[in-house]
Each structure stands twice: as structure tokens, then as C-alpha cells.
There are 2 protein chains.
Amino acid sequence: MTRYIPNFTAFGALASQDCASCPIRHRAVCAKCDGAEMDHLADMKSYRSWEAGETIALEGDVLPFVGSVVQGCATLTRSLEDGRVQMVGLLMPSDFVGRPGRTVAPYEVTAVTDLTLCMFDRERFETLLNEAPHLASRLVEMSLDELDAARDWMLLLGRKTARERVATLLALVLRRAPTDANPLRADLPLGREAMASYLGLTIETVSRQITALRRDGVIRLDGGGRTVLCDDFAALLTAAGDDEDGIMPS
Amino acid sequence: MTRYIPNFTAFGALASQDCASCPIRHRAVCAKCDGAEMDHLADMKSYRSWEAGETIALEGDVLPFVGSVVQGCATLTRSLEDGRVQMVGLLMPSDFVGRPGRTVAPYEVTAVTDLTLCMFDRERFETLLNEAPHLASRLVEMSLDELDAARDWMLLLGRKTARERVATLLALVLRRAPTDANPLRADLPLGREAMASYLGLTIETVSRQITALRRDGVIRLDGGGRTVLCDDFAALLTAAGDDEDGIMPS
DNA sequence: CGTCTGCTTGAGACATTTCAATACGCGTGG
DNA sequence: CCACGCGTATTGAAATGTCTCAAGCAGACG
């Protein structure tokens with residue numbers, strides 16, 4: 001079964017979108033590209049959408065494309081044979097998907113929310129990569145940012161307590177909150193299962209720690225546990241273990 | 001204190017080495033560079049050595065260079081304020097050190113063995129990166145490999161048992177063993193403390209698991225616990241949790 | 001109104017850590 | 001050559017944090 005051919009669901013305004021008005025134009029892999037490079041990219045691009053929960057690729061699948069997340073949120077997970085699963089990547093808009101130079105996906109890619117990708121044929125993209133320095137150097141930048149994020153994540157997985165892990169994740173989500181006003185408020189894009197997978201914990205432990213943080217007055221919940229409120233962000237950062245900023249360079 | 005200026009210890013034959021005879025020429029960041037690009041790189045390169053145990057940079061230090069590991073082995077570590085430490089990178093010959101586009105080191109860099117780096121001035125390297133596509137695309141390749149390795153590492157930290165972690169690390173070391181013959185034999189480049197830091201465990205747990213693997217006949221030790229022997233590599237991989245290859249793409 | 005899915009809570013089991021003591025390898029100096 | 005001391009590794013016993021298994025709860029939806 002050709003796993004990588006999803007349903008072509010509506011991607012609304014994005015279908016006819018040209019790069020000039022693209023919401024991720026200035027942050028994605030194409031950010032530093034000039035006119036000629038953009039023309040090449042625009043020529044080979046295509047959009048596709050997936051619904052929340054859909055699998056985009058399984059471990060070992062052939063991925064004929066690379067691309068950028070335009071809208072929505074996807075996860076990368078790696079798993080052991082007995083079923084243990086660890087999330088190893090969380091892709092947000094402008095993040096890059098896929099691997100120039102490798103045809104097979106080393107981890108499962110799943111849409112957590114409804115998702116739209118701007119896709120490029122992998123081989124053509126690789127060719128361009130060897131000729132377009134701005135593209136390549138932007139991809140270097142983005143890969144190294146990802147690497148930094150992965151390394152912070154490793155610190156969390158290797159050394160933080162359950163409470164610190166949960167607080168770290170909540171702080172990460174609240175950082176991206178649309179409003180800066182007090183109290184900070186954000187909808188959780190991840191359910192408990194995905195949070196547990198992210199944090200290297202079980203669902204139950206995540207739930208208990210959220211309860212504990214609430215009991216301690218560090219956060220409040222709303223919307224049936226799907227929205228987090230925080231009156232004292234400093235207290236949350238303290239609970240996260242690493243005071244001061246620097247939880248995840250974006 | 002300008003931390004990044006180390007002692008200029010002897011680097012022997014390397015001092016006068018030209019790139020053509022460099023031991024990492026075909027695997028390092030310069031692997032795909034052509035004549036003109038090599039000339040630029042050779043022009044800005046310089047060698048430096050550190051002794052085992054020396055600190056190359058602390059978290060937050062300004063790193064004015066990037067470079068490649070020529071000889072030896074270095075670690076990247078990140079730590080929490082209360083002293084907990086997690087290794088987040090293990091650099092072997094040909095691996096790239098530093099971050100084009102960022103001046104400050106986000107983690108501590110330490111020489112585990114005697115170490116020689118081939119260094120490039122960061123700013124000049126960045127400029128070249130925007131003009132030399134072969135350099136940039138090789139760096140993309142290497143960064144993405146590192147990212148894959150970091151993600152396998154995250155699976156280990158998030159989901160593997162202590163026994164699996166130790167077995168995974170031993171398998172990783174034995175894979176690089178000079179001899180392919182049975183029994184596999186390798187000297188551990190890392191002491192127990194560094195192993196514990198790598199694995200997200202305590203020294204005691206590492207020690208106990210090594211003892212357990214020995215008791216179970218999966219490995220043998222020699223040279224005062226500094227050399228590992230393995231008669232049955234398949235058994236070691238089973239103990240590592242992920243059968244079949246694929247522990248760390250190199 | 002019942003069922004489903006996702007979240008919470010509880011009690012006991014278990015793995016790893018912590019703290020403490022002991023052993024080993026090895027260079028140094030008597 | 002042995003005694004000493006130091007850093008590193010091993011082992012033990014108790015403490016603790018997280019997981020496992022099991023039950024209960026809330027909201028969404030047919």
C-alpha cells in the first residue's frame with residue numbers, strides 16, 4: 001500500500017496560494033531564497049492536507065517528498081518492538097519534513113491536528129540544494145536549531161523529574177501563546193497520550209503531575225483540561241527546573 | 001577569562017598536514033568540496049589540541065570558531081542548576097563542532113581523550129557557507145545525521161530500561177571495533193561517569209547492569225573493566241531492545 | 001440514554017536512585 | 001618491594017519515584 005498518498009482534502013485558500021502571500025514564507029526553508037531560487041521551488045511545489053490523527057508515513061516507508069509544515073502540527077515518533085513509543089519530534093508551521101539524501105523515513109510521521117504541507121519532490125529538491133546556497137544554508141540553520149531543541153529534550157528525558165517534565169512542556173506551550181497578557185492562556189495541541197509520548201512518561205503520571213501543579217497553584221485548567229492558564233509564569237519555570245529562559249530555542 | 005584559548009600542545013604530524021592527506025578528508029564537512037572551495041577552507045584552517053579531560057568551552061562561552069574533530073573524542077553536556085548533567089552529544093573523528101550563525105555555545109564541550117580539532121574562523125566559514133553549495137549541502141547531510149542520532153538517543157532516554165541502555169551503548173562501541181573477528185573487542189572510550197551521563201543513569205546503575213550482562217554471559221570484561229569482549233553480538237542487540245541493526249546511523 | 005473515548009484517581013509492584021561501605025588499579029614515596 | 005593514598009568501580013540495603021493494573025468520572029455523540 002502506498003502509504004504516502006493521502007486523501008486530497010480541501011486546503012482552502014492555500015490551494016491557489018502563491019509564495020508571496022505564504023504565511024511561512026519568511027521562516028521556512030525558502031526564507032532566504034532569492035528570485036531565481038524561489039521560481040525553481042514554486043515550480044516543483046504542491047500542497048497536500050491531512051486530517052488530525054492521520055498517519056503521513058510509517059517507519060520504513062519510502063517518502064518521495066520533503067516539505068514544510070504550512071498549517072497545523074505533526075509528530076515524529078520512534079518505537080520499540082514491544083510497543084513502547086517515544087515522540088522524537090514535534091513539527092509546527094514552517095518546520096521542515098523529510099530528509100534530502102535519504103529515501104526511507106526513520107520514524108513515523110503523524111498529523112496531530114489538521115495539517116497542510118508544502119511539498120517538494122525529493123530528488124529535484126536535492127538537486128536544487130547543490131546549486132542554491134541560500135536554500136542550503138537556511139536548511140543548515142534550521143537543522144541545527146532542531147538539533148539544539150533535540151538536545152534540550154534529551155536533558156529533559158534523561159534528568160528531569162516527572163513534575164519538571166510536565167512543567168517544561170506547559171511552559172513551552174504557554175510561550176507560544178497568542179496573548180501576552182496575564183493570565184497566560186493556551187490551548188493544548190497535544191492530548192495526554194501525546195504529552196506522555198513527548199515526555200517519556202505514562203499518561204497516568206502526566207495526569208497526576210498536572211493535578212499536582214494545579215493543586216500547588218502553579219497553573220489552572222479550563223475547557224475540560226484542554227486549556228492551561230498561568231498567573232505566575234516564573235513559578236512555572238521554576239517548576240520546570242531551568243529558570244530563566246532557554247527552554248527551547250525556536 | 002577567554003576560555004577558548006587552550007594550550008598549544010603538540011599535534012605532531014598534523015601540524016604540517018595538508019588536506020589531501022587528512023584522515024577525515026572524505027567524511028568531514030569538507031568531503032564534497034571541490035578545488036576552489038578547498039582552497040578557501042585550507043586558507044582559513046588551523047589546528048589545535050587539547051588533553052583528555054580539558055574543557056573546550058563552557059555553556060554560554062563565546063565560540064569564535066567552528067571545526068572538525070580530527071583525532072580523539074569529545075562530549076557535549078547540558079546541565080541543570082542543581083548539578084544534574086546529561087550528555088547530549090558524543091563527537092568522534094570527522095564530526096563537526098560549533099554552530100554557524102550562533103556565537104554562544106549552548107552546551108559544555110569537553111575532551112574525553114586527547115583531541116585535535118581542525119578549526120575555521122566562524123565568520124569566514126559562514127560567508128563561505130553562503131557561497132559554496134557543496135560545503136552547505138554536506139553540512140546539511142551531517143546535521144541531519146546528527147539529528148537522527150539524537151532522536152535514537154531520545155528513544156533510549158525516554159523508554160529504555162537500564163539494562164537496554166547499557167547494552168545499547170556497548171553495542172554502539174563494539175560496532176566501531178577495529179576488528180570484526182569473534183570475539184568482538186573494544187576499549188571503552190568512556191569511563192563509568194561518562195557512560196552514566198550518556199545514558200541518563202547513575203554510575204551505580206551502569207555498574208550493576210554491566211555486572212548483570214556479564215553474569216548473563218552477554219559480554220565479558222578485560223583490562224580492569226575498561227575493555228569489553230562480546231562472543232554473541234546478537235544476544236547483545238537483543239538485550240539492547242532493538243534487534244537487527246539501526247542503533248545509530250553513522 | 002447508553003456508549004465511547006479521553007482523563008483522573010487509587011493502591012501496590014517494581015526499577016532506579018540514594019547513601020554508605022568496600023574493593024580495585026595504579027602511581028608515588030618511603 | 002611494600003605501604004600508602006587517590007580516583008574509579010563495585011556491591012549492598014533502604015528510600016523513593018514512576019509504572020502497572022484497575023476502577024471511576026466527564027464530556028461528546030449517536
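Each chain gets a letter, A, B and so on, in the order the sequences are listed, and its residues count up from 1.
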Exercise for the section: Provide, to the nearest angstrom, the distance between the CG atom belonging to A:L157 and the P atom belonging to D:dG17. Expected result: 19 Å

Practice task
For B:R226, answer base if it contacts any base atom (sugar-phosphate contacts may also be present), sugar-phosphate if it contacts only those atoms, and nothing otherwise; contact means non-hydrogen atoms under 4.0 Å.
Solution key: sugar-phosphate

Problem - Side chain of B:L201 (C-beta onward), nearest among C:dT17, C:dC7, D:dT11 - result: C:dT17

Handout entry: Rounded interatomic separation in angstrom, taking CG from A:L156 and P from D:dT18
Key = 12 Å

Practice task
Nearest whole angstrom, please: distance from the C1' of C:dA15 to the CZ of B:R159.
Solution key: 15 Å

Exercise for the section: Nearest-nucleotide wise, let me know which of A:E204 and B:L190 is further upstream toward the 5' end of DNA chain D. Expected result: B:L190

Handout entry: Salt-bridge contact A:D152-A:K160 (side-chain N to carboxylate O under 4.0 Å)
Key = no

Practice task
Using heavy atoms to find the nearest nucleotide of DNA chain C for B:R208 and A:L221 separately, return the residue whose nucleotide is more 5′.
Solution key: A:L221

Exercise for the section: Could you check how far CD of B:Q209 sits from P of D:dT11, rounded to whole Å? Expected result: 12 Å

Handout entry: Whole-Å distance separating the NZ atom of A:K160 from the C1' atom of D:dT18
Key = 18 Å

Practice task
Give a yes or no on whether the backbone of A:T75 and the side-chain of A:T110 come within a donor-acceptor separation of less than 3.5 Å.
Solution key: no

Exercise for the section: Give a yes/no answer on whether the side chain of A:T205 brings an N or O atom under 4.0 Å of OP1 or OP2 in D:dC19. Expected result: yes

Practice task
Check every strand shown and say whether A:G200 touches a base, only sugar-phosphate, or nothing at a heavy-atom separation below 4.0 Å.
Solution key: sugar-phosphate

Practice task
Quick one: label B:I210 by what it contacts on the DNA or RNA (base, sugar-phosphate, nothing), any heavy atom closer than 4.0 Å.
Solution key: nothing

Handout entry: Side-chain touch A:D61/A:L63, heavy atoms, less than 4.5 angstrom
Key = no

Problem - Shortest side-chain distance from A:A162, nucleotide among D:dT11, C:dT16, D:dT18 - result: D:dT18

Exercise for the section: Find the distance B:I203:CD1 to C:dT16:C1' and express it as a whole number of Å. Expected result: 15 Å

Practice task
May I ask you to verify if any side-chain N or O of B:T202 is less than 4.0 angstrom from the OP1 or OP2 atom of C:dT16?
Solution key: no

Exercise for the section: Can you tell me the distance, in whole Å, between the CG atom of A:L188 and the P atom of C:dT8? Expected result: 10 Å

Problem - Side chain B:R78, main chain A:L155, donor-acceptor under 3.5 Å - result: no

Handout entry: Side-chain H-bond candidate by donor/acceptor type, B:S79 with B:E59, under 3.5 Å
Key = yes

Handout entry: Closest listed nucleotide, where the reference is the side chain of B:R192 and the choices are D:dT18, C:dT9, D:dA9
Key = D:dA9

Practice task
Let me know the distance between CZ of B:R84 and C1' of D:dG17, rounded to the nearest Å.
Solution key: 13 Å

